[in-house]
Amino acid sequence: MSEYNTVIGLEVHSELNTKTKCFCGCKNEFGSNPNTHTCPVCTAMPGALPVLNRDAVERAILMGLAVGCRINNYSVFERKNYFYPDLSKAYQISQLEYPLCVGGGIEIEVDGKKKFIRLNRIHLEEDAGKLIHSNAGTLVDYNRGGVPLIEIVSEPDMSSAEEAVAYLQKLRSTLLYVGVSDCKMQEGSIRFDVNISVNKDGEPLGTRTELKNLNSFRAVLKAIKYEANRQIEELEAGRAIVQETRRWDDEKGRTYSMRSKEDSQDYRYFPDPDLIPLDVKPEYIDTIRARLPKLAPQRIEEYKSWGLTEQDAKLLTDEREYADFFEAVLKEFNEPKFVCNWITAEVFKKLNAIEDEEKKIPVNPSELASMLKLYKDGEINQAGARKIFDILWEKGGNPVQLVEELGLKQMNDTGALKEILQKIVADNPKAVKELQEGNEKTMAFFVGQAMRATQGKANPKMVADIVKELIK
Ligand code: ADP
Ligand code: MG
Ligand code: ZN
C-alpha cells in the first residue's frame, strides 16, 4: 500500500476579531444571548443594505501581507447562493473570481525537514448563523451571522497528516502574531476543512474528498490517516473515489459520507449588486503594511542578538503569547538568558501538563520578574524559586513577601553554614576521603546533607566552597 501518495489541501476559516460585523454595525461578540446582536441587515430584512467594515478589510490585508500574498487592488464581493436556515439572506457574501489576496505561502518543518506550502488565496467573507438542535426543534442564532471571516486556501502541497498539522499550527500561530483573530477552536473562531486524495507517482491528482467537523489538531491527524487508508482500500478493491463531503466522527474514529460535493457553479455566484468592487490603492496597502507587528522570524533574530541560541529563540517564538510574555518579563528584569532558561524549562513544563490545546500562561510577568531577581541574587535557591513559582502559577502573589512568609530566604551566612558543615564533615569520613581523592560527584552528597540540615535553605554554591575549604 505504501506506493500511494497522500495529497492534502486545506481551507481554513478564521473569524476576524473586529468590534463589529462585516456589513452592519452589530457587535461581533461570542457568547451573548441568542439573536441579541442582530439588525435588519444581518437578518435580511427587505431593503436593508450592507456597508463594508473597513477594519475587516484591513485585517484581511494584514494577514495576507504576513504570509507573503499579493494584495489585489481590485476585488469583488459575490453572492454564494444556497438555501439553508443558518443563512438569513439565502446567500453568503463571499469572494470568488477576484479575491483580496492571492499567492504567498507558509514554511513548515516536520522531522527537521523544511517545506514551503503555497497558498492559493485569502478571501474575505461573512460567517453564517448557528443552528442549535434541541428538543424544541432546531433553533437558530444569528449573532454569528455576518461576522467577518477570512478563508485561507492552500495549494494541495501537503503529503502527510503531520505536515497538515504543522501547517495548521504555523497558520494559527501567524494569525495570533498578526492579531487579527483570537483562534479559539472551542468557540469555532478557527475552523478547518481538509481536502484529501491519494495517487501514485507520476499519476495526475486523484479524486478528493472533503472532511468537515474537525475541531482539534488531534482530530485532523487521525482523520487524515483514516481517510487516506479508506481511499486506498477503495481503489485497491477496484472502486472509484466519489467526490464528496465527509464528516469526521471523533468518537468512532471514522468518516461518513455527508453529501456529494457541490461545484462552484452549483452556488450560482454573481457579483453582489449592493456592494461595489473594492478598490485598494497601493499607498493604502503601504499604510497597513506599516502596522504589521513583529513576527516570529524577526523576533528570533532579535533574541539571538541578546545571546540566546537559535533553538531557544525558536521555542520562545513558537507562539506570540510566549514571546510577549518573555519580553514582558525582560522589561522588569533584563537578563535574557536567565529568563529564557526559566521559561523554556519551568513554564513550558507546566504548559505541557495542560490537556487543552489552547495553553495560556497564567502568571503575571512582573511577579515572575521579581521572583527571578531574588533567585539570581541568591536570596532564594532553586527549590525556593520553584516553590514560589508554583504559587505564582496557581494564584499569584508578591515574591518578596512569599520569601518571608514561607521562610525561604536562602542561608548565605558563611559562619552558620561552616558550623553545620564542620559537623557533617566530621560525621562522614568516607565521603570526605572520596572527595579528597577527586570524586567530584560526592559533593552532591554534602550539598544534600546541608540542605537537609537547613530545611533546603542553604546556598549550594557556598556549601561547595566551604566543604572544599574544610577538606583541604
Ligand atoms: P472548493 O472551493 O470547491 O472546495 P477549491 O478548488 O477551492 O475547491 O479547492 C479547495 C481545496 O482543495 C484547496 O485547498 C486545494 O488545495 C484542495 N485540493 C484541490 N484538489 C485536490 C486534490 N486532488 N487532492 C487534495 N486536495 C485538493
Ligand atoms: Mg471547499
Ligand atoms: Zn447586524
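Numbering starts at 1 and runs along the sequence shown. Owing to the predicted nature of the structure, the values given are computational and were not obtained by experimental measurement. We count ligands from 1, going down the list as the structure has it; atoms in each ligand are counted the same way.
Between the side chain of K21 and the backbone N or O of H37, at least one donor-acceptor pair lies under 3.5 Å. Under a 3.5 Å cut-off, the side chain of N35 and the backbone N or O of Y142 do form a donor-acceptor pair.
By the 3.5 Å distance cut-off applied to N or O atoms, S197 is counted among the residues near ligand 1. Looking at P156 next to ligand 1, an N or O pair under 3.5 Å apart turns up.
With a 4.0 Å cut-off on non-hydrogen atoms, V153 touches ligand 1 through its side chain and not its backbone. Neither the backbone nor the side chain of D157 comes within 4.0 Å of ligand 1, counting heavy atoms alone.
Residue G9 approaches ligand 1 through these ligand atoms, each under 4.0 Å from one of its heavy atoms: 14 (O), 16 (O), 17 (C), 26 (N). Short contacts between ligand 1 and E155, defined as distances under 4.0 Å to a heavy atom of the residue, involve ligand atoms 16 (O). Listed by number with element, the atoms of ligand 1 under 4.0 angstrom from any heavy atom of L10 are 14 (O). Heavy-atom contacts of L205 reach the following atoms of ligand 1: 23 (N) (cutoff under 4.0 Å). The distance from ligand 1 to the heavy atoms of G206 drops below 4.0 Å at these ligand atoms: 23 (N).
Ion pairing between E319 and K359 fails under the 4.0 Å rule for side-chain N and carboxylate O.
In this structure, SG of C24 and SG of C26 enclose an angle of 110° at the Zn ion (ligand 3), rounded to 10°. Between SG of C42 and SG of C39, the angle at the Zn ion (ligand 3) works out to 110°, rounded to 10 degrees.
A cation-pi contact, defined as under 6.0 Å to the ring centre and within 45° of the axis, links R254 to Y256.
For the residues E11, E210, R208, the heavy atom positioned nearest atom 6 (O) of ligand 1 is part of R208.
Surrounding CD1 of I276 are at most 12 heavy atoms belonging to other residues, nucleotides or ligands under 6.0 Å away.
The distance from the CD1 atom of I117 to the OG atom of S159 is 7.5 Å, given to the nearest 0.5 Å.
Between the side chains of S189 and E15, no donor-acceptor pair of N or O atoms lies under 3.5 Å.
Qualifying ring-ring contact (aromatic ring centres under 6.0 Å, His included) partners for F192, counting only residues two or more places apart in sequence or in other chains: F217.
Not a single N, O or S atom of H37, from either the backbone or the side chain, sits less than 2.8 Å from the Zn ion (ligand 3).
Using cut-offs of 30° and 60° for the angle between ring planes, the Y98 and Y74 rings count as perpendicular.
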